[in-house]
Amino acid sequence: MACKERRGAVIRLPGFARALVIASMTPIALTAGCAGKVFYLPSLIQSGDYGTRSEARSWAGVEPPLRLLWQHKVDSYPLGEALFAGPLLLQLTTSPKLHAFDRYNGGRLGRQGVSEGVCAPPRLVGSSGALLILAEAGEGKPILRAMNRQTRKTEWTFVGAVCAPVAARNDTVIVPLETGGLVALAAADGSELWRAETVAGLVAGPTLSGDTVFAGDLKGNLAAVSLLDGSEIWSAQMGASVRSQPLVDGGRVFASTGSGVTQAFDVQTGEALWQRPLGALLTPGLALADSVLIVGSSDRVLYALDVEQGGIVWQFETRGAIRGAPAATAETVYTGSCDGFVYAVNVKTGELKWKFRLDGPVTQSVTLDQRAMSVTTDAGTVYLFGKG
Amino acid sequence: MRPGGASLCVGITLLSLTWTAATDGQLYRFGKNKVQYEEFDWQRMETAHFDLYFYAEETEFAEYAAHMAEAGFRKIEAKSGHTVQRRIPLIVYSSHVYFEQTNVISGFLSEGVAGFTEHLKGRVALPLSGSLPEFERVLHHELVHVFMFDKIRKVLRPRGITDFRPGPLWFSEGLAEHWSGPWDSQGDMVIRDALFADRLVPVAQMFRIYGSFQMYKEGQSICEYMSQHYGEDVFERLLANWWRGETFEQVFQATTGEPLSKLDEGWLYHTKKTYLPDIQSADPPSQMSTLLIHEGFNLKPTIRVLRRASSKAVGEGEDSDEDSLEVLFFRNHRGHTHIAGMPLSGGEPSVVVEGERSTDYESLHALSSSLDVSSDGRRLVFSAKRNGRDHLYIYGLDVSAVLQRLTFVDLASITSPSWSPDAERVVFSGADRGGIADLYVVEVATGELTRLMDDLYHDRDPDWHPSGDRIVFSSDRWGGGRMGFYNLFLYDPSIGDITPLTRGEHNDRQPKWSPGGDRVAFSSDRGRMYDIFALAVPDSGLGDENPLLQRLTTTLTAALDPEWLPNEESLLFTGYERGRFNLYRLDLDLDDDGGEVVVKDAAGSDLAFTSSPADATEEMWQLEALEGTVATSGNKYKSKLSLDVAQSQVSQDPIFGTSGGIQIGMSDVLGNDRYYFVLSHISGSDVGFLNGLNFVFGRLHLGRQLNVGWGVFRLNDRFSGTFGRSVQEQRTGGYFELAYPFSQSNRLETRMMVRRSDIDRQFEGRQLKAWLMSNYISFTHDSSFWIPTGPLEGTRYSFGLGQNVDFKSSRRFSLTLFGDFRKYLRLGQRSAIAVRYMGRHSRGEVAEFFSLGGSWTLRGYPWRSIWGSNLVLANHELRFPLLDRLVVGLPFGNIDFSAFRGALFVDAGNAWNDSFGDWRGSLGMGTRMALGGVFVFRLDASRRTDFNSVGNETKWDFFFGWDF
C-alpha cells in the first residue's frame, strides 16, 4: 500500500521490534485503506488494563534516561492523559476530538470528532479494550457513551453518569452517578448489573481492587463496596471532599481530599491509619512505588510519603504547579509540571534523574508502561518517550 | 474595581474623538480631565512571570513589589491549580495621588479604589498607600482576578465558546478577597451590621448591592462558607466547569450537584448562627450612645472650644462647656465630601470647607485622614489634594478663610495632621515620592519640615500629648506588622526615641490623648470588633506593671476615631451602623480606680494586656527583594504598542448605500501613547471605489500634562456637527491638536487642521473647492456632579472661537464664536434646577450653520428644523426623582431600571441669518429612565409658546441621551 503517512519523529527500531511494526502495520493497511481512520487494532501484546489506573502498580519497565521517540501536534488542550491501547496511542482533546497514533512509528492514524459535551478523561473497557467510554455533559442529563473503536459507532449509552472517569475490568464498568452512588454495567451492552447508593457525587472516579470497588465522594465519604453486588463493605469519613481516585496497595487504600490532606485506611475495615496534611490542591491520582506514596501538588511540589506512617520521605520541587497524577516504576517517579517539563525522580531519594523540556505546561497525568512514557502538553503536543 | 473591557471603551472614545477632530464638526466637548501633573521616568523590570513598570523614585519599593508579586503568583497558583502562562504587566505607583493619574484606564479613580485589573490587555495597576502589607494584600487580590479570568478563557476557548462569561461580580470579588487574606474585623463589621439592620442581601438578590463594599464582603463571606461546606477545592472545580453552563447557577449545580438556592440558604443560616448570639453581649452604636446627626455620612470628629464672645456670666442651668463646644467633621450627604461644623449642644451642620467642587480641595481624604483644631479654637488643620499632590491647609475658623497652604515638594500625600499644644507645629503622616510613609513635623510659621523617621514602616494617626513632650501614633513597625497589624507607639521629640505602647496581633489605631494627658483612647479590634479602649499612660512611662486598660464600648459593628470632650466625661466617635458612618457621643462612667479589664477574645477568654518588650527593634520585620531573574537597572521603559480594539462592520443604507470598514486602536502598556487607524468605504451608487475610500490615522499622547494629538485623513462623507448643517465633503489633510488641563475641571484646547476640501453645500445650492486651514481654541470648565441621567450639581461652561481660511486664495470662509454656560443648582438630595445659556455666531463667505429643534435643544420643535448662522438658546429645567429603582423580574432574568426621573422645563431660543424674528419657546414636562451608560431614554411632552400665548397642540419628543 502506498499510503502517505503523516509521521512525527520516527526512530529506527531494532529487528524484533521492527517485525512487530510490520505485523502491526498490516492490519492498518488492511483495515484502513489509504484514507480511513484507525482507532482500533487487535493487541499483539498484553497491556493489562489499558492504562486505566484502577489499581496500584509498580512497573518493571522504562527507566530514565529516556529519549524522544516522536511527537505530534493535536488540535487543542488534552482532556485526560494519553491512553495506551496496544499498539495505539489515543488522545482526547477539548475541541473535542479523539486522535489516534501508532505508538511504534508515530504514524497519525486518525482524528474523529466526538460530542461537544465530553467532560472526563476516557477509559478503555471490554475485550482488548475495544470500547472507549466517554462521559458527556450535554444540555440534558449527563450520559456515558461506549464507542466501539473498531466501527466508531456507539454501542450503548447510559444516562445519569457524572463527569468523572469510570473504572473497568474486563467486562464490568463501574460508573459514578450524578445523583450520587455507583452503578455497575456490563461492558458488552451497558446493562445494569447492580446499583449502590452509598456515596454522594464523585469527582475523582472509583478504583477496583480484587472484588472491591473504592470510591470517595464530595461529602468526604470513602466507601468500599462489593464488586459482585454493590453492597457496602465499609465507609469512612475523610473530613472534606475526596479529590483523588483512591489507590490500593496490599492492605491499605489511600486518597486525598480537597483540603490538601492525604489519608490511609485499612483496606479491609476502613480503619483510619494515618493522615498527612500537605496543603494546596493535590493531584487527582496517586502513585505507589517501593513503599512510598507519591502525591503531586499545585504548590509545585512532588511529595513522597511513607506508606506505613505517612511521614514525608522526600519532596521534589518543580517550577510550576503539578496538576496531573504522577506515575511510577519500581525505581522512578514520572511527573509533568506546569513549568513545561517532565521529570523523572528517584523514588527512593527524590533526586532528579532526568528531565525534558516540553513545549508547554502539563496539566494531565503521565501515561506509563513497560516500554514507553507519554505526556501531552497544554500546547497540544503529544510526546512519546522510550528507552534511551 | 475591575472594569471589564475598559480598553474597549478607550478605543471607542479614542476613535470618536479622532473622527471628531478630523471632521471638524465638534467645537467643544465637556467632561473632566485626568491630569498628568507628574511626568515619570518609567522603568521596566522583568521577573519570572511579570513585567513590572515603575518610575525612578520608587525603585526600592519596586523591588519589594517584585518579590511580593512572585510570591503572590505562587500562592494563587497553588490555590487555583492554574498557571498563567502569559507575562503579566504590573504597573505600580508609590502613592494614590499618582495612581489617580494613570492612563491604563480612561475612567476616574476614586479614593476607594485600591487597585484594578483590566482584562483586555491583562494589566494590573495599584498604588502603595503607605502600608506594604496592605499593598501585598491588594496585589494578591488583583492576581486572583488575573488567574480567574485566564483560567476561564482557557476553559471556554477550546470548546468554541467565544463569549466571555465573567460570572457574577460578588463571586469574582468575593473569591479575590477570600484568597488574598484572612477574614477580618472589617468583614465582621459589614456582615454583622447588615444582618442586624435587616440589610443582608441573599445571593439571589445580590444585584441590589452591585459594586458596593457590602457586596465585596458578602461575596467574601459566601466564599468562606463555600470553602468550609464544599471543600477549598470547590473554586478550582467551579472554574474547570465554567463551560458547563451559561449562568453561574448552572455551573454551580454541575459542580456541586446542588442548586444555588441551597448555597444561599446555607450561607444565610450559617451567618445567623455565627452572629446572632453576639447581640447578647454587644449593641449597635445607636443603642449604647447618642447619635448626633441623622443624615448622610459623617466621620472623624474633632472638638473645637469656642471663645466666648463676651464675658457674660453663665446663666443658671446653662452648661457652659457644652455651649462653647463645636464639633467639626467630614460630611457627605449629597455626593460631595466637605468639612462641616455643628454645635455640640445640637443643631444643623453647616459647611465649613466645601470639598470636591474646586481645584483647591479635589479630595479631603475623609476615609484615610482626619482633622484637628488648635487648642485656642481658631485654626483648623487638614490635608487636601490639589493639582496632583496633597497640601496642608491651615484654615482660620474665625475668618472662614484659608490662612496658609503648606506645600512640600518631596511629599506626595499627607494625612492625619495634629496640632502641637502650643499650636506652633503640626505633626502628620506623610508619604514621600517613593511611597514610604513616616511622621513629619512642620513649623507652621516658617514651613520648616522635619522628618521624624525614615524606614519602610507605615506610621500614621499621630497625636500630640498635651504637655508637648511626646507623640502617640499607630504603626506596623513590629513583628506582627508584617501581617498588617498596627500597634501604638510613643515618640519622644527631644531625643527621637520610639517606644512601643501596645503589643498584640490586632489593630490599634487613631489614638487620642485625654485632655489631662494621663490616658490614650484608641480604636482596637483586639476584642474582635473595633471598639474604643482607654489606656492609662503615666508620665513616668509604662514601667513593668500592666497599665490599666478599659474597654469603653462593646459594639456589634465598629467604633472608630475617638475624640475626648474637654471634661473627659464623654467622648465622640465614628460608628458604623446601617451601612453608614456616623457620629455618636458616648458618656463615660469611669471610676477613679479604673474599670475592670473586660477585654475578651473570640472564644470569650479574657485578653490580658501585654507589656511591650523593652527593645522593640528586635521584632522589626524586613522585606525581601527579589533575586535571580530580576533586571533592576538599565531597563528604561520603551513604549511598545499592543492592540486595544480591532473591529469591522458592514452596513447598508437605502440612501447612502453600502458602507463598511475596520478600525484599530493601539496603545502602549501605560496607556500614554495611543494610535488609531480607521479604514472604511462609502459605496453609494454615484461614488467610485477610490472616491469612496476613507481613512484616518492618528496619534494621541497623554503622558504629559500637555496632551498632543495629530493625524492625517482622507474622507469623503457627509459631515455635520451637533448643531451643523450636513454637507457632502471630500477632504484630505491633517490635523494637530493640543489640550492643556489646568486641573480636573479646567482645560484649554486648540486645534489646527489643514485640508484640501471639495464641499457640496446642497442646502444652498453651491459647490466649493478650497485649501482650508482651520483653527479653533476653546476653554472648558466642568465641575459637575452626575447621577445616571445627567448632571445634578455644579457648573459647566465652554467658550471659544474658530476660523476657516482658504489660504490659497486668501479667503476667509468663516469666523465662529461660541459660548455655552450650564449651571445646576441643587435643591435637595436628588432634585435640582438646571439652566443652559448658549450662543453661536458665524460669519464669512461660507459661514457655519447651526440648528435647533428636538429633545436635546429646543423641545417641541422637530429635530434640527430651525437653522441659521446665529443661534441663542436658553433652557430652564426642574429635575426631580420619581422612582429610584424599578426591577422587573422575568423568567429569563431581571431587567433593572434605575433612576426614573421627571422634569419640568421652559425652553427658548432661535436660529437666524439676517433677522432674529421672534423668540421660539416651549414649556412642558418629561421623564427620563436610565438603562446604563449613554442609554437614558427621554420622553418629553411640550407645547410651543411665543411667550404671549401657549399653543394647544402637545408635541412629543422621544429620544435618548443624558440631560444637558
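Throughout, protein chains are lettered first and strands after them, A, B, ... in sequence-line order, and every chain is numbered starting at 1.
Within 6.0 Å of CZ in A/R357 there are 12 or fewer heavy atoms belonging to other residues, nucleotides or ligands. Around NZ of B/K262, the count of heavy atoms belonging to other residues, nucleotides or ligands within 6.0 Å does not exceed 12. Residue B/F164 qualifies as enclosed at atom CZ: its count of foreign heavy atoms under 6.0 Å is above 12. The local environment of CD in B/Q228 is crowded, with over 12 non-hydrogen atoms from other residues, nucleotides or ligands closer than 6.0 Å.
Top candidate by heavy-atom pairs under 4.5 Å with chain B, chosen from A/P96, A/C163, A/S259, is A/C163. Ranked by heavy-atom pairs under 4.5 Å with chain B, the first of A/G360, A/G117, A/A240, A/G279 is A/G117. When the candidates A/G201, A/P361, A/A280, A/S297 are compared by the number of heavy-atom contacts under 4.5 Å with chain B, A/P361 comes out ahead.
With a 4.5 angstrom heavy-atom cutoff, B/R157 does not touch chain A via any of its atoms. At a 4.5 Å heavy-atom cutoff, the contact between B/R244 and chain A is made by side-chain atoms alone. In this structure, chain B has no heavy atom under 4.5 Å from any part of A/D339. Residue B/S227 does not touch chain A at all, counting heavy-atom pairs closer than 4.5 Å. A/T93 does not touch chain B: none of its heavy atoms, backbone or side chain, sits under 4.5 Å away. Within the 4.5 angstrom heavy-atom criterion, atoms from both the backbone and the side chain of A/A321 approach chain B.
Here the CG-SG distance, from B/N241 to A/C119, works out to 8.0 Å after rounding to the nearest 0.5 Å. The NE2 atom of B/H229 lies 11.0 Å from the OG atom of A/S241; values are rounded to the nearest 0.5 Å.
Checked for salt-bridge contact, A/R243 and B/E236 meet the test: a charged N lies under 4.0 Å from a carboxylate O. One finds a salt bridge joining B/E258 and A/K219 here, because a Lys/Arg side-chain nitrogen approaches an Asp/Glu carboxylate oxygen to under 4.0 Å.
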Run the side-chain contact (heavy atoms from CB on, under 4.5 Å) check on A/L218 and B/R237 step by step: do they pass?
CA-CA 11 Å; A/L218 290 173; B/R237 290 189 282 118; 3.4 Å; yes
Could you check B/E77 against A/R319 for salt bridge (charged side-chain N to carboxylate O under 4.0 Å, His left out), going step by step and ending with a plain yes or no?
CA-CA 11 Å; B/E77 177 188 58; A/R319 297 171 71 96; over 6 Å; no
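Between B/T83 and A/C338, the closest heavy-atom pair is OG1-CB, 3.2 Å. Annotation for B/P158 and A/T94: closest pair CB-OG1, 3.1 Å, computed over non-hydrogen atoms.
No side-chain heavy atom of A/E116 sits under 4.5 Å from any side-chain heavy atom of B/I161. Counting heavy atoms from C-beta outward, A/S298 and B/K79 have side chains that stay 4.5 Å or more apart. When side chains are defined from C-beta on, A/T363 counts as touching B/K154, because their heavy atoms get closer than 4.5 Å.
The closest donor-acceptor contact from the side chain of B/R159 to the backbone of A/S95 lies at 3.5 Å or more, if one exists at all.
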